[in-house]
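Every chain is numbered from 1, with letters handed out A, B, ... down the list of sequences. Small disclaimer: the values here were computed from a predicted structure and weren't measured.
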Amino acid sequence: MNKNFYITTPIYYPSGKPHMGHAYSSIVADIFARFKRLENYNVLFLTGTDEHGQKIQKEAKKNNKDPKIFCDELSETFKSLTKILNLSNNDFIRTTEKRHHKSVIEIWNRLVESGDIYLDKYSGWYSVSDEAFYDEDEIENINQKKVSKSSGSTVEWVEEESYFFKLSSWSNKLLEFYNTNPNFILPTSRKNEVVKFVEKGLKDLSISRTSFKWGIPVPKNEKHVIYVWLDALTNYISALNFPDIKDKKFKDFWPADIHIIGKDILRFHAVFWPAFLLAAKLPLPKKVFGHGWILSDDKKMSKSLGNILDPIEIIDKYGVDQLRYYLVKEVSLGNDGSISMENLKNCINNDLANNYGNLCQRVFSFIKKNCDNKIPKSSTLDNLDKKLLDNLRNNIPKLINLMNKQDLNEYIKMVVNFSFEANKYFNDSEPWAIKKKKPERMKTILHTIVQQIKNITILLSPIIPNATDKVFSIMNLSNENITIDKINDDNFINYEKKLDNLEILFNKIENDN
RNA sequence: GGCGAGGUAGCUCAGUUGGUUAGAGCACAGGACUCAUAAGCCUGGGGUCGGCGGUUCGAAUCCGCCCCUCGCUACCA
């Protein structure tokens, strides 16, 4: 059985500062990556930045900087985001790196060789101010001038020499692939959109530009640079040392198990990318998951609405686990989801502080006061105890399955429910009432609840790694050894050493801000 | 316009092939307890399941029409 797992985020275009959408893609991917590690997989988790293009070139010029140096700075802010979000990525790729350059050139050459690239003219109505091309039906005549219907800016007819990729010839192959790989595009609703789009027939794709220089030059025709998608998407194999397909990395990790992306770039990943790969005679990734957008109070975040929620500000104020947990608990993966400070506060207080955090607190402090601060070992579990533990253990296959089909919300729901159950168990068992009369029973209860805390903590570790690391460390467990298997292992607990100092895991958010 | 998804408690949503008094979390109200971050536990109120009509012994669930919301409809990423 193949125990390698390759997961990616999009590479981010660093023309602006990181926003909630970047954070969300990255957090989701990180959770799946961490869960796969719990399952003992050898995981490669890649993220990075997409640094070429006209926008960057212009910005660099405006700032009077060499584009590469300019990109070094921009990329750094995204690299620092991986730390801020506590991502477990093992690589960070930049499209301005040599390894990527090599890889893109090889892809280009392969497409030339297969006859999928030809030179022609790209023409259309172009608006300089919008930096966009418009279709005939998107423009209108006003005062004998052609203007864009949407922006009102004037457009002019431009023709530019460009290389094209014969995307049109791959429609059937793509449809066949979608058909034989029904889980390639998820969620299914998005798959239907893509299939309908491809069924309408595909146009060839312009894959080079002569209007700017900041990019990878086309081999043997350096007037052109290779344009965005062919450049950007290739990052996923550049990081595996493509074109060296005999390299261990490439052999171990290609095809990718899953590309996590936002719905706005689904087409590029579900249509262009597989077409490029088919033409280049490379295997296609196994899955592309297009998640929804994060809305703020039901609206798209925008400067003019003044409703931007900045991930870094939220993390500074409330903490990274808090943001991670909230995003994946409240937003249904695959659908757009609305977030608000009010809900964030409720979510942190209820689930993290009162439920899981306080569960750890009440149990560990009870042990400190009544058991010389050592976790009691007991083998005389009664039915109530076994029921608590078994309910979680029996659900492990289901939980694994949920994660493997990216049903993150259902997974969290189940895990939180275990935490509810554990609180109820502790309440109902009332160890404080029997500590004098039945000390053995009290020990059994504590033994049981600590097992359960350990198990819940393992399951939560992909989502809130900072907090769960603290819990493991209070229990004198090294978080490097944590795997799903340990859920079934009572002896994984350290019964000898005294519990380390416990601290509040999640502070409650007060109303007054 | 075309194709697609959806309208279920104040909010976010679950509701399997139609079957008894429609569920969960949050929010709200009351109760007993005290190990704990005034946390946890128990109980409760609240819904004409978008509207109208039909099929059926029986429909949130199937069919028809209507109203509303949202997504996709290619080269900024």
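- Within the 4.0 angstrom heavy-atom criterion, only backbone atoms of the sugar-phosphate kind lie near A:K196; the bases stay farther away.
- Within residues 446-457 of chain A, no residue has any heavy atom closer than 4.0 Å to RNA chain B.
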Paired and unpaired positions of RNA chain B as dot-bracket, Watson-Crick or G-U wobble under 3.5 Å, | denoting a partner strand: (((((((..((((.....[...)))).((((.........)))).....(((((..]....))))))))))))....
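- With B:A74, B:C26, B:C75 as the candidates, the nucleotide lying closest to the side chain of A:R209 is B:C75.
- Partners of A:E421 according to the side-chain hydrogen bond (donor to acceptor under 3.5 Å, both in side chains) rule, which considers only residues two or more places apart in sequence or in another chain, are A:N391.
- In this structure, A:I348 atom CD1 and B:C26 atom C1' are separated by 14 Å, rounded to whole Å.
- With both ends at atom C1', the span from B:G47 to B:U12 equals 15 Å, rounded to whole Å.
- By the 4.0 Å N-to-carboxylate-O rule, A:K196 lies too far from A:E193 to be salt-bridged with it.
- Look at the P atom in both B:G10 and B:G6: the space between them is 23 Å, to the nearest Å.
- Within 4.0 Å (heavy atoms only), A:V228 reaches sugar-phosphate atoms of the nucleic acid but no base atom.
- Nucleotide B:U73 holds its C1' atom 14 Å from the CG atom of A:L266, rounded to whole Å.
- Taking atom OH of residue A:Y122 and atom P of nucleotide B:A74, one finds them 12 Å apart after rounding to whole Å.
- Only the C1' atoms considered, B:G44 is 14 Å distant from B:A9, to the nearest whole Å.
- Here A:G21 lies out of heavy-atom contact (under 4.0 Å) with every strand.
- Comparing B:A59 with B:G19, their C1' atoms sit 10 Å apart, to the nearest whole Å.
- When heavy atoms are screened at a 4.0 angstrom cut-off, A:N192 is found touching no nucleic acid atom at all.
- Comparing B:G7 with B:A14, their P atoms are spaced 8 Å from each other, to the whole Å.
- B:A22 and B:C49: their P atoms are spaced 11 Å apart (whole Å).
- Taking atom CZ of A:R267 as the reference point, atom P of B:A74 lies 7 Å away to the nearest angstrom.
- B:A74 and B:C3 are spaced 16 Å apart, taking the C1' atom of each and rounding to whole Å.
- Listed by chain and residue number, A:E51, A:D72 satisfy the salt bridge (Lys or Arg N to Asp or Glu O under 4.0 Å) test with A:R94 (two or more places apart in sequence, or in another chain).
- For the C1' atoms, the distance from B:A60 to B:C28 is 26 Å, rounded to whole Å.
- Between the side chains of A:S75 and A:T49, a donor-acceptor pair is found at a separation under 3.5 Å.
- Considering only the side chain of A:Y13, B:A77 comes nearest among B:A77, B:C33, B:U73.
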Heavy-atom protein contacts under 4.0 Å, nucleotides 35-42 of chain B, coded B base, S sugar-phosphate only, - none: BBB-SBSS
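- Contacts of A:F197 with the nucleic acid, taken as non-hydrogen atoms under 4.0 Å apart, include base atoms.
- Applying the 4.0 Å criterion to OP1 and OP2 of B:U12, one finds that A:Y326 has every side-chain N and O outside that range.
- Among A:Q452, A:H447, A:Q451, A:R441, the single residue meeting the side chain to side chain donor-acceptor pair (under 3.5 Å) criterion with A:D385 is A:R441.
- Atom CH2 in A:W293 sits roughly 12 Å away from atom C1' in B:C70 (whole-Å rounding).
- Atom P of nucleotide B:C26 and atom CG of A:L344 are separated by 16 Å, given to the nearest angstrom.
- Qualifying side-chain hydrogen bond (donor to acceptor under 3.5 Å, both in side chains) partners for A:S378, counting only residues two or more places apart in sequence or in other chains: A:T380, A:T444.
- Using cut-offs of 30° and 60° on the angle between ring planes, the pair A:F184 and A:Y178 is parallel.
- Residues satisfying the side-chain hydrogen bond (donor to acceptor under 3.5 Å, both in side chains) criterion with A:S168, sequence neighbours excluded, are A:D204.
- For A:F268 and B:C72, the CZ to P distance is 12 Å, given to the nearest whole Å.
- Under the rule for a side chain to side chain contact (heavy atoms under 4.5 Å, CB included), the partners of A:K173 that lie at least two apart in sequence or sit in another chain are A:W170, A:L278.
- The residue A:D351 sits apart from the nucleic acid: no heavy atom pair falls under 4.0 Å.
- Checked against a 6.0 Å centroid threshold, the rings of A:F276 and A:W229 do not count as neighbours.
- Sorted by first and then second residue, the pairs that involve residues 324-338 of chain A and meet salt bridge (Lys or Arg N to Asp or Glu O under 4.0 Å), not counting sequence neighbours, are A:D30-A:R324, A:K263-A:D336, A:K329-A:D351.
- Using a 4.0 Å heavy-atom criterion, one finds that A:D204 contacts the bases of the nucleic acid, with or without backbone contacts as well.
- By the side chain to side chain contact (heavy atoms under 4.5 Å, CB included) test, A:T77 is found to be paired with A:P18, residues two or more places apart in sequence or in another chain being considered.
- The list of salt bridge (Lys or Arg N to Asp or Glu O under 4.0 Å) pairs with a residue in residues 12-29 of chain A, not counting sequence neighbours, reads A:K17-A:D310.
- For A:A467, the side chain to side chain contact (heavy atoms under 4.5 Å, CB included) partners two or more places apart in sequence, or in a different chain, are A:D321, A:I464, A:F506.
- The nearest whole Å value for the distance from the CZ atom in A:R190 to the C1' atom in B:C72 is 8 Å.
- Both A:N335 and A:S206 lie near RNA chain B, and the one whose nearest nucleotide falls closer to the 5' end is A:N335.
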